[in-house]
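All values below come from the heavy atoms of this structure, side chains included, with hydrogens, waters and symmetry mates left out. Here the structure is a predicted model, which is why all the values come from computation and not from measurement.
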Amino acid sequence: MGQKANPIGNRLGIIRGWESNWYGSKKDYASKLIEDHKIRTYLNARINKGGIAKIVIERTLGKLIVTIHTSKPGIIIGKGGNEVDRIKEELKKLTGKDDVQINILEIRRPELDANIVGDTIAKQIENRINFKRAIKMAIASTLRMGAEGIKVKVAGRLGGAEIARTEEFKQGRVPLHTFRMDIDYANVFAQTVYGKIGIKVWICKGEVLGQRELNPNFVGGKNDMSERRDGGHHGHDRRDDRRGGDRRDDRRGGGGDRRDNRGGGRDRRN
């Protein structure tokens, strides 16, 4: 028990790249790490409604490059780019560096990003929407966009209950031990009136069979999610087979015949 590994950390260097790209010597490694944490904490609090998926930090000689992956770039950029300039000045004060560059990358399919899906569920729970309804809606929209599977786990005083509990919702396949499976993971919190509710989201986007670009800022030209979406239909057929729809029909048909035979028995008695 208690030896579960983070699905993202598990896949680093295999099919996933690091979100902090820089070299740190023994002297300044710790200070750079703390600075990264400060930047991420600050930006997540500052851009609360910006739909941030991840923040990639790169460092060159005297230069700090911060790339924000978001589903709502308009909110971060602001009118005429004023908001970005303001954030840049604030980051300069926070880090004490003169050369800070901010890049913004738009996420085309926010339903396939675990952080954004978790944030969406958290905001709905905070707005007093029933947690089961919020999670089922999120699962449906993720699978509609072509994901192979999704798992959501919520824990805390669900629905304002006196005793905290954990509930899990899963659809499709999420094989955590298969390293070639592209699994996105996020752990977010919903701050409600009656306490904190933890939300964990795992999204399986399918297998990565070829060599993958490990740079986290790399955005591929044409994603193979369209092919995976076709594969999803086959998965649906498999689920129908597992349910045994045909067998149930056969059974029903057989039952009908048996009833007719019973009727025949009555005729014999007559």
Side-chain angles (χ1 to χ4, degrees), residues 1-21 33 36-37 40-41 44 51-57 67-71 105 107-122 125 131 134-156 166-190 196-220 223-225 227-229 231-232 235:
M1 291 296 290
Q3 296 187 13
K4 297 176 181 71
N6 189 308
I8 292 173
N10 238 354
R11 287 162 177 76
L12 283 177
I14 302 168
I15 61 163
R16 206 176 169 107
W18 285 260
E19 287 178 15
S20 288
N21 287 336
L33 194 66
D36 278 13
H37 180 67
R40 287 200 173 94
T41 308
N44 280 315
I52 293 176
K54 63 180 173 183
I55 296 162
V56 179
I57 298 169
T67 308
I68 303 170
H69 293 247
T70 173
S71 60
L105 283 179
I107 289 173
R108 299 282 180 190
R109 289 184 178 138
E111 294 89 355
L112 295 175
D113 191 278
N115 263 306
I116 295 173
V117 170
D119 274 338
T120 307
I121 295 168
I125 290 172
F131 74 95
I135 291 167
K136 282 174 182 173
M137 280 164 62
I139 287 173
S141 62
T142 300
L143 292 174
R144 208 181 303 123
M145 289 305 289
E148 285 199 7
I150 178 171
K151 182 167 79 168
V152 180
K153 201 180 230 180
V154 283
T166 303
E167 286 210 20
E168 189 178 289
F169 301 82
K170 187 180 174 187
Q171 209 164 324
R173 58 199 284 256
V174 188
L176 299 176
H177 290 148
T178 310
F179 285 174
R180 67 177 177 272
M181 276 290 177
D182 186 5
I183 291 175
D184 198 11
Y185 169 75
N187 185 8
V188 295
F189 298 97
K196 229 177 204 181
I197 289 177
I199 302 157
K200 288 181 179 179
V201 181
W202 294 261
I203 295 175
C204 176
K205 302 177 190 176
E207 286 183 291
V208 179
L209 297 171
Q211 185 69 32
R212 171 172 267 197
E213 177 67 51
L214 293 182
N215 181 3
N217 289 330
F218 176 76
V219 179
N223 206 347
D224 57 344
M225 287 308 283
E227 293 167 27
R228 286 181 200 153
R229 218 176 298 149

Legend entry - Interatomic spacing from CD1 in I197 to CD1 in I121 - rounded to 0.5 Å: 11.5 Å
Inset, instruction - Would you indicate whether the side-chain heavy atoms of L214 and I14 approach each other to under 4.5 Å? - result: no
Inset, instruction - Locate the shortest heavy-atom distance separating G198 from F189; write the atom from each residue and the value. - result: CA-CD2, 3.9 Å
Inset, instruction - Rounded to the nearest 0.5 Å, what's the gap from OG1 on T142 to NZ on K151? Could you check? - result: 15.0 Å
Inset, instruction - Please name the pair of heavy atoms, one in V117 and one in A138, separated by the smallest distance, quoted to 0.1 Å. - result: CG1-CB, 4.0 Å
Inset, instruction - Work out which heavy atom in I203 is nearest to a heavy atom in A147; give both atom names and the distance. - result: CG2-CB, 4.1 Å
Inset, instruction - Step by step, work out the side chain to side chain donor-acceptor pair (under 3.5 Å) result for S20 and R40. - result: CA-CA 11 Å; S20 288; R40 287 200 173 94; 3.2 Å; yes
Legend entry - Minimum heavy-atom distance between I199 and A190, given as atom pair plus value: CD1-CB, 4.2 Å
Legend entry - D184 and its salt bridge (Lys or Arg N to Asp or Glu O under 4.0 Å) partner, picked from R16, R11, R109: R16
Legend entry - Between NE2 on residue H69 and CG on residue N115, distance to nearest 0.5 Å: 11.5 Å
Inset, instruction - Would you check, one step at a time, whether the test side chain to side chain contact (heavy atoms under 4.5 Å, CB included) holds for Y185 with N6? - result: CA-CA 8 Å; Y185 169 75; N6 189 308; 3.6 Å; yes
Legend entry - Least distance between heavy atoms, G17 atom then L12 atom: O-CD2, 3.4 Å
Inset, instruction - Apply side chain to side chain contact (heavy atoms under 4.5 Å, CB included) to I135 and V154, showing your working. - result: CA-CA 9 Å; I135 291 167; V154 283; 3.6 Å; yes
Legend entry - Residue pair L105 / T70, side-chain heavy-atom distance below 4.5 Å: no
Legend entry - Closest approach of I52 to I116 (non-hydrogen atoms, all atoms of both residues): O-CG1, 4.3 Å
Inset, instruction - Name the orientation class of the two ring planes belonging to F131 and F169 (parallel below 30°, tilted from 30 to 60°, perpendicular beyond 60°). - result: perpendicular
Inset, instruction - Could you check D113 against K205 for salt bridge (charged side-chain N to carboxylate O under 4.0 Å, His left out), going step by step and ending with a plain yes or no? - result: CA-CA 10 Å; D113 191 278; K205 302 177 190 176; 5.3 Å; no
Inset, instruction - Rounded to the nearest 0.5 Å, what's the gap from NZ on K4 to CG on N10? Could you check? - result: 13.0 Å
Inset, instruction - Any chance you could measure K136, atom NZ, to Q171, atom CD, to the nearest 0.5 Å? - result: 10.0 Å
Inset, instruction - Dump the intermediate steps for side chain to side chain contact (heavy atoms under 4.5 Å, CB included) on M181 and E148, then the final yes or no. - result: CA-CA 10 Å; M181 276 290 177; E148 285 199 7; 4.1 Å; yes
Inset, instruction - Nearest 0.5 Å please: distance from the NZ atom of K153 over to the CD atom of E167. - result: 12.0 Å
Legend entry - Working for side chain to side chain contact (heavy atoms under 4.5 Å, CB included), residues R180 and L209: CA-CA 7 Å; R180 67 177 177 272; L209 297 171; 3.9 Å; yes
